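Data first, discussion second: the structure below is written as structure tokens.
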Amino acid sequence: MKDKNKSTQGARLVLLTALAGFLAGVLAYAAPFDSGELWLGDSLFVHEKSVDNRIKIIGIDEASLQELGPFSGWSRQQAADLLNAFDEAYAPAVIAFDINYFGGHDEEGDRALAEAAAKYDNVVMASYISYEAKLEPQADGSLQMNTMHVAQVEKPYEALDAVSYNGFTNTVQDTDNYVRRALLSVDWSGETTYNFAYEVYARYMQSMGQNGGEDASSLLVPATDSRGIYGFDYTAAPGMYEVYSYADVAAGRCDTRVFQDCIVLVGAYCSGMMDQYMVPIARSTVMNGVEGQANHVNALLEGRTFRELPGWCGALLAAVIVGGYVWLVSHSRFQVGMVGGLLLEGILLGAAKLLYTQGLYWKCLTPVLGVAIVALVRVVTGYLLERVRKKKILDVFRTYMAPQVVDELARTKNFQVELGGRNQEIAVLFVDIRGFTSLSESLTPGEVVGILNRYLGQVTEAIFRHEGTLDKFIGDAVMAVYNAPLDVEDYPLKAVLTGLDIVKAVEGLNEGLKRDFNVEIACGVGIHCGRAIVGNIGCDFRMDYTAIGDTVNTAERLESIAKSGQVLLSEEMYERVKQHFHAEFLGEHTLKGKQEKIKVFLVEESASEFGG
């Protein structure tokens, strides 16, 4: 039977483990907590780093707009003036305009800008991808709607495009509207166009290679996912890169030699131009688009790009991790499971950070949450099971302990009662009806039960009133112990008070017994104290909380020689309570089963009030 139960329990644990792993895998793949995943990733991976001093920004700021007027009224001569302001002997490595120059504007300004750009072989302009929804044939012959079909790549006007490079400035926003990723390139009309930051980076690498610089190494091509998208790591919050006012540079009020061999990004640097977006490195504010491009280029220069771990791989990891943790908490002690959970959480977060440094972005929220939820469920179920266990203990205790003792046990939550047996100093009380066997012969079984119920009820009330523990009923006899399983103050005194109360209670009970059954009863009480073994005595399938030893035997023998209405004490017991009670010495008696005689005292209630 035990083997069958173990097999059933094992099968349930296997099923539970498999179910937990399956749910974790499904959730990781479906990604319903994507915003939470992104927030966790930002918290783990995104932090400020030192900016690359090779990157400088020329911003169209408020001062420039005040001096040159609203940007919508600017001629392209303004851009030509900026380019002409650079000293060709100290030219930047790349000059990139994060500004759209599409179509003709004014002939003179357009020509001036194209002529100025032609002086350099390092000018990058902004382009823009226009998307449309289109039905596209699939490999199986079916048609599928593609909402990201490239309808057109809008480029600078023809004269400017002929003397410059271009890169598209479209951003890729995540589900929380933050920009963390970029599309590497698109193919349109037989031509591949890269994103703006990557084009700037590529031109810089080419420029430095032509000049024999140390950056003439192989060009980094970011690893992308199936959509051609990769992520980049932000370097700095707004305001951390060197920014120069557009008007100052164009008017010659700035020493342009500071831009030599640098990457110069030109773009909007004020809120009124509506080129701002949310970024993970500055969650409380927005970042100007040109600063976002600076961070993007910075990441490419330092190789800080990443691609997302494939969905199936994240799902498999989540399933194995959560399922494995369920198995751990099911096969280990509570403390081991909790410590293991904390260690596992740390390992998961550490592994995610390590993968990130290697260019892999692992959305680990599902396994992290899964482990936390399993741990929480384990804590809650453990708490509830402990509550049930304690309630069972209290229910058992209420059957043989004073209610106030049980209430104190529940209040202090001191459930560490030592079970299985311990050597304890206690007082033991036995009480029995005198001549009940012969009396019961003249009564019907129903009458015997009725008398016993009334008698035992009075005895139990007296025991509980003085914080005793009801050990057992033995027919018409009752055994009670004091100072176990919990310590009781003045327990010898309370044991004697119980005996006196029982005698009084039986005397008061006789009036009702005489009326209902035409009988009267009397009892004798024996009390002794000393050390005894107390605890759960029995076997695996049946045990009782009781006391055993010579102390118990002596109390029982004292009760056996007690006459009607007598409360007999041993010498040890009397020595402990003599300051409270008068007692008559009845001499030395030989008790059954004991070789040595013991001194016996008949206790009488003193003038003091101890009757409770």
Side-chain angles (χ1 to χ4, degrees), residues 26-49 98 128-131 133 146-150 167-186 194-198 222-238 274-300 302-315 317-318 348-349 351-353 355-369:
V26 169
L27 288 174
Y29 192 81
F33 316 117
D34 200 50
S35 294
E37 292 272 17
L38 296 170
W39 175 86
L40 178 61
D42 293 344
S43 302
L44 288 175
F45 313 137
V46 181
H47 59 276
E48 290 192 2
K49 295 166 277 291
D98 185 16
Y128 189 81
I129 305 172
S130 295
Y131 294 99
N146 179 12
T147 59
M148 298 296 291
H149 175 75
V150 179
F168 58 85
T169 56
N170 303 67
T171 58
V172 176
Q173 291 183 313
D174 285 317
T175 54
D176 59 356
N177 296 321
Y178 282 74
V179 176
R180 303 175 181 85
R181 294 168 175 79
L183 179 65
L184 178 60
S185 64
V186 294
Y194 290 91
N195 68 61
F196 184 79
Y198 188 79
T224 64
D225 62 16
S226 59
R227 301 167 298 171
I229 292 175
Y230 65 94
F232 59 92
D233 186 22
Y234 279 82
T235 301
M274 306 298 291
D275 184 20
Q276 295 176 319
Y277 46 79
M278 295 187 293
V279 295
I281 202 165
R283 300 187 71 89
S284 61
T285 185
V286 291
M287 178 176 282
N288 291 307
V290 70
E291 284 183 307
Q293 298 292 358
N295 273 276
H296 192 168
V297 173
N298 205 152
L300 291 167
E302 297 180 5
R304 290 186 284 107
T305 63
F306 60 86
R307 66 182 178 90
E308 193 172 310
L309 206 63
W312 67 267
C313 188
L317 284 172
L348 291 178
L349 298 178
K353 295 192 74 169
L355 287 173
Y356 186 77
T357 62
Q358 301 304 309
L360 283 173
Y361 187 100
W362 176 30
K363 290 185 175 180
C364 63
L365 180 62
T366 298
V368 168
L369 272 181

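Being a predicted model, the structure only gives us computed values, none of them experimental.
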Do [X] and [Y] touch side chain to side chain, with heavy atoms closer than 4.5 Å?
X      : Y      : value
Leu44  : Tyr356 : no
Glu48  : Thr235 : no
Val150 : Tyr131 : yes
Glu308 : Arg181 : yes

Handout entry: Salt bridge Glu302-Lys49, side-chain N to carboxylate O under 4.0 Å
Key = no
Strictly distance-based, threshold 3.5 Å: is any side-chain N or O of [X] a donor or acceptor partner for the main-chain N or O of [Y]?
X      : Y      : answer
Asp233 : Arg304 : no
Asp176 : Tyr178 : yes
Asn295 : Ala236 : yes
Asp225 : Gly228 : yes

Practice task
Would you check if the distance from the ring center of Tyr361 to the ring center of Phe45 is below 6.0 Å?
Solution key: yes
Problem - Ring centres under 6.0 angstrom apart (Phe196, Tyr198) - result: no
Practice task
Please list, chain by chain and in numerical order, all residues satisfying ring-ring contact (aromatic ring centres under 6.0 Å, His included) with Tyr29, sequence neighbours excluded.
Solution key: none
Exercise for the section: Please say whether more than 12 non-hydrogen atoms of neighbouring residues, nucleotides or ligands are located less than 6.0 Å from CZ in Arg283. Expected result: yes
